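Encoded as structure tokens, the structure appears first; notes follow it.
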2 protein chains.
Amino acid sequence: MGTRGAYDVRLAGQGPVDQGPGRSRVRRVTIYSVAQACGVSSSTVSRAFSRPDLVNESVRQRILTTAAEMGYRPNRSARATATGRTGMIGLVVPDITNPFLPLLVRAVQRAAGLADWSVLLVDAEGDPTAESQLITQLQGQVDGLILASPRAHPVALREAIRDLPCVLINREIAGLASVICDNSAALASIGDHLLEMGHHRVALVGGPADSWVAAQRATTVRGWASRAGVILDDLGPFEASFDGGRAAGAALLTTDATAVFAFDDVMACGVLAELARRGVTVPGERSVVGCDDVLMARMVTPSLTTVTAPTDQLGSAAVDLLDRTIDEPRAGPENRTLPGTPALRESSGPPATP
Amino acid sequence: MGTRGAYDVRLAGQGPVDQGPGRSRVRRVTIYSVAQACGVSSSTVSRAFSRPDLVNESVRQRILTTAAEMGYRPNRSARATATGRTGMIGLVVPDITNPFLPLLVRAVQRAAGLADWSVLLVDAEGDPTAESQLITQLQGQVDGLILASPRAHPVALREAIRDLPCVLINREIAGLASVICDNSAALASIGDHLLEMGHHRVALVGGPADSWVAAQRATTVRGWASRAGVILDDLGPFEASFDGGRAAGAALLTTDATAVFAFDDVMACGVLAELARRGVTVPGERSVVGCDDVLMARMVTPSLTTVTAPTDQLGSAAVDLLDRTIDEPRAGPENRTLPGTPALRESSGPPATP
DNA sequence: TTGAAAGCGCTAACAA
DNA sequence: TTGTTAGCGCTTTCAA
């Protein structure tokens with residue numbers, strides 16, 4: 001006799017159901033109780049939910065109705081033990097207080113929800129080594145991983161990931177799938193615009209030295225400057241924070257650059273604040289350009305010229321790639337690139353003609 | 001013979017283990033493989049991880065070592081089916097792009113992590129009715145719920161929560177546990193400070209009409225004003241957003257108030273921006289006070305006088321209460337109140353004497 | 001289209 | 001302190 005047989009018998013009985021060791025919850029609604037109420041077998045109820053096509057339409061309707069009446073909710077854990085899939089993906093972010101990340105989190109959650117996935121968010125609180133530890137802890141708890149611009153060392157990352165399907169956002173590591181926001185065209189276009197307005201000397205405020213994104217953006221700006229024949233003051237690296245931006249603002253004033261590309265919007269806000277503190281006008285005396293287009297970029301005064309990241313597409317592309325990686329683990333890692341778009345606002349304008 | 005017996009036999013055999021229907025993953029490391037490698041029973045391995053005190057020290061060490069070597073990771077889903085506990089809590093936020101929430105999310109995650117809980121973050125994207133739906137979907141997936149300043153209707157909330165243990169943050173609903181940030185003392189103290197500096201007419205920029213927090217803060221400010229004998233211009237309600245703040249800024253200029261309490265920092269930033277746009281100086285012509293002390297409050301120019309919320313304590317108190325609610329479901333709901341603290345910055349000062 | 005039965009990996013009574 | 005065993009709620013063969 002199978003284990004289930006005994007259970008069925010008990011369920012049919014009158015006495016209180018022994019919920020097993022250590023449990024004393026209210027009797028839960030399971031496929032068995034629904035099955036009994038419908039006069040069908042538990043397998044049919046199971047199928048009604050997970051393989052609806054395999055069940056007679058009218059029977060299915062009946063099951064769905066009574067299940068709803070009884071308040072049945074499939075037990076995800078049980079399903080997970082049976083199928084080997086948890087239906088969850090881990091989303092690891094380096095620092096949830098970075099205002100770009102909530103936008104990305106929302107995008108990922110939305111896309112994941114459409115594919116009926118839950119998202120386990122994990123915040124490394126700005127500590128790169130924590131990233132790999134947290135990933136290790138996610139092993140066995142999720143079906144796959146999305147790592148948003150991870151800062152951890154590639155070797156540590158690989159080790160932590162093991163053979164969990166994984167997609168990177170805004171970072172490339174050989175052998176792993178990734179979704180990249182390419183800001184080169186947008187930054188070049190903003191650069192050209194600055195040039196047209198009369199900026200012939202431009203500064204670059206570099207982000208952290210170990211940041212993949214910072215390196216990308218720096219390369220882009222340097223490339224544009226040399227192509228455009230613009231003198232570039234290469235400042236940094238700075239910490240990618242508001243205070244880092246203030247330091248950069250101070251450094252900027254030691255140069256003759258009339259415009260500046262900051263690593264991201266947060267730093268650009270720091271630059272704006274420092275310039276304001278010192279009575280330097282924007283865009284009159286200096287034009288300031290950010291990157292990402294976080295909510296704050298519209299809120300500061302003057303509002304920030306920046307590059308809008310395609311957050312929603314980044315999120316859904318990441319989920320999409322992860323989906324494939326999970327379904328076909330042996331397919332080579334796919335990489336996708338999405339362009340940012342320029343957003344010209346108040347912080348850029350023609351330089352004051354002295 | 002129990003189900004396990006058959007499995008053990010198979011494991012001991014040579015042929016490839018049938019991973020069950022639909023599965024073709026690499027053979028996973030389970031307590032059984034570890035047990036076999038150690039020459040102990042699977043229960044001992046299980047205990048070594050979940051009840052270490054019940055296992056002989058030396059045996060335990062051996063198990064832990066070989067488990068680590070083999071790369072064993074406990075399967076949370078299996079544990080969950082067996083114990084009826086998922087080890088996860090759901091954290092529902094009304095709108096993750098509200099800059100106060102990432103701080104709270106981090107606090108909750110940190111506290112939860114210490115209690116060995118994972119956090120399933122769910123974002124209602126600003127839609128109050130979505131909140132209850134999302135909560136319903138969490139049923140059977142989490143052991144408990146933390147609802148951060150939920151906006152949904154109490155009846156809908158109750159229905160969605162059912163008998164899931166639940167703790168509210170910054171909202172009170174009869175019968176549910178809650179953790180509240182009480183800003184009344186801090187706001188009154190800031191108010192007194194304004195008064196001392198010579199502000200005798202003050203405006204209140206109210207948040208959304210259906211917001212519990214907005215109602216609390218409004219009541220507090222009104223109470224302070226009447227006690228202090230200050231004329232209060234009661235503006236609003238406004239949308240709790242940057243643009244709502246701008247609208248409020250415009251409305252503020254129709255009054256003679258020299259200082260303003262905004263519902264929260266985001267709105268205060270909107271007020272600042274609108275005043276700046278119109279060439280009104282802060283704090284010279286108007287003083288502006290926010291609430292929450294989000295990161296942005298330090299970043300704007302002038303920096304924002306506000307009330308600092310005890311984010312970390314809110315998070316750990318919520319987790320703590322949830323812990324109790326889960327362990328003792330029949331204990332009455334506990335409520336805890338934590339005070340905010342005043343943060344005087346640049347946006348408040350003596351009114352210009354014309 | 002359905003049901004019986006075995007099994008997912010783990011826990012926890014119970015007995016030894 | 002350890003092993004035996006039944007069971008958690010679900011999925012999925014296999015046979016009917």
Side-chain angles (χ1 to χ4, degrees), chain A residues 1-11 17-23 25 27-35 38-60 63 72-87 140-141, chain B residues 1-11 17-23 25 27-35 38-60 63 72-87 140-141:
Chain A
M1 180 191 257
T3 48
R4 184 50 50 200
Y7 187 75
D8 278 341
V9 167
R10 283 206 329 223
L11 253 194
V17 171
D18 173 13
Q19 292 273 332
R23 257 150 282 140
R25 313 284 234 80
R27 191 206 287 206
R28 314 191 90 218
V29 183
T30 71
I31 47 170
Y32 297 100
S33 29
V34 175
C38 285
V40 296
S41 81
S42 59
S43 335
T44 306
V45 177
S46 171
R47 287 188 199 105
F49 285 96
S50 41
R51 305 290 313 273
D53 48 306
L54 297 183
V55 163
N56 180 293
E57 175 60 21
S58 66
V59 178
R60 213 189 84 220
I63 293 176
Y72 169 74
R73 292 262 129 199
N75 180 322
R76 297 264 221 152
S77 309
R79 180 176 289 181
T81 37
T83 60
R85 291 211 177 175
T86 61
Q141 202 169 176
Chain B
M1 180 191 256
T3 48
R4 183 52 51 204
Y7 187 76
D8 279 340
V9 167
R10 282 208 328 223
L11 253 194
V17 171
D18 174 13
Q19 293 273 333
R23 256 150 284 138
R25 312 284 234 83
R27 190 206 287 205
R28 314 192 89 217
V29 183
T30 72
I31 47 169
Y32 297 100
S33 29
V34 175
C38 286
V40 296
S41 82
S42 59
S43 341
T44 307
V45 177
S46 171
R47 287 188 199 105
F49 285 97
S50 40
R51 306 291 313 270
D53 48 305
L54 297 183
V55 166
N56 179 291
E57 174 60 21
S58 65
V59 178
R60 213 188 85 221
I63 293 177
Y72 169 74
R73 292 261 128 200
N75 181 322
R76 298 263 219 153
S77 309
R79 180 177 290 181
T81 37
T83 61
R85 291 210 177 175
T86 61
Q141 201 169 176

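Keep in mind that this is a model prediction, so the values were computed, not measured. Lettering follows sequence order; numbering is per chain, from 1.
- Rounded to a whole Å, the CD1 atom of Ile31(B) is 13 Å from the C1' atom of dG7(D).
- Put simply, CZ on Arg85(B) is 10 Å from P on dA12(C), counting in whole angstrom units.
- Across the protein-nucleic acid pair, Leu54(B) atom CG and dA13(C) atom P stand 11 Å apart, rounded to whole Å.
- For the atom pair SG of Cys38(A) and CD1 of Ile31(A), the computed distance is 12.0 Å after rounding to the nearest 0.5 Å.
- When the side-chain nitrogen and oxygen atoms of Thr30(B) are compared with OP1 and OP2 of dG9(C), none of them lie within a distance under 4.0 Å.
- With sequence neighbours left out, the side-chain hydrogen bond (donor to acceptor under 3.5 Å, both in side chains) criterion links Arg76(B) to Ser118(B).
- In the helix from dT1(C)-dA16(D) to dA16(C)-dT1(D), the rotation axis of the first five pairs and that of the last five pairs differ in direction by 30°, rounded to 10 degrees.
- Atom OG1 of Thr30(A) and atom CG of Asn75(A) lie 9.5 Å apart (nearest 0.5 Å).
- For the atom pair OG of Ser33(A) and CZ of Arg28(A), the computed distance is 10.5 Å after rounding to the nearest 0.5 Å.
- Comparing dT2(C), dT2(D), dG3(C) by their closest approach to the side chain of Val59(B) singles out dT2(D).
- For the segment residues 43-51 of chain B, the set of residues with a heavy atom within less than 4.0 Å of an atom of DNA chain C comprises Ser43(B), Ser46(B), Arg47(B), Ser50(B), in numerical order.
- An OP1 or OP2 oxygen of dT11(C) is reached within less than 4.0 angstrom by no side-chain nitrogen or oxygen of Tyr32(B).
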Return a table of donor-acceptor pairs under 3.5 angstrom between the side chains of residues 48-57 of chain B and protein atoms on other chains or two or more places apart.
| from | atom 1 | to | atom 2 | distance (Å) |
| --- | --- | --- | --- | --- |
| Ser50(B) | OG | Ser46(B) | O | 2.9 |
| Asn56(B) | OD1 | Ser58(B) | N | 2.9 |
| Asn56(B) | OD1 | Ser58(B) | OG | 2.8 |
| Asn56(B) | OD1 | Val59(B) | N | 3.4 |
| Glu57(B) | OE1 | Arg60(B) | NH1 | 2.8 |
| Glu57(B) | OE2 | Gln61(B) | NE2 | 3.2 |

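- Note: CZ (Arg79(B)) to C1' (dG7(D)) measures 17 Å, nearest angstrom.
- Ala80(B) and Ser77(A) get closest at one heavy-atom pair: CB-OG, 3.3 Å.
- Computed from coordinates, the Arg76(B) CZ to dG9(C) P distance equals 17 Å when rounded to whole Å.
- The distance between atom CG of Asp53(B) and atom C1' of dT2(D), rounded to the nearest whole Å, is 14 Å.
- With hydrogens and angles ignored, a donor-acceptor pair closer than 3.5 Å exists between the side chain of Thr81(A) and the base of dG9(D).
- Listed candidates were dG3(C), dG9(C), dG3(D). Nearest to the side chain of Ala82(B) is dG9(C).
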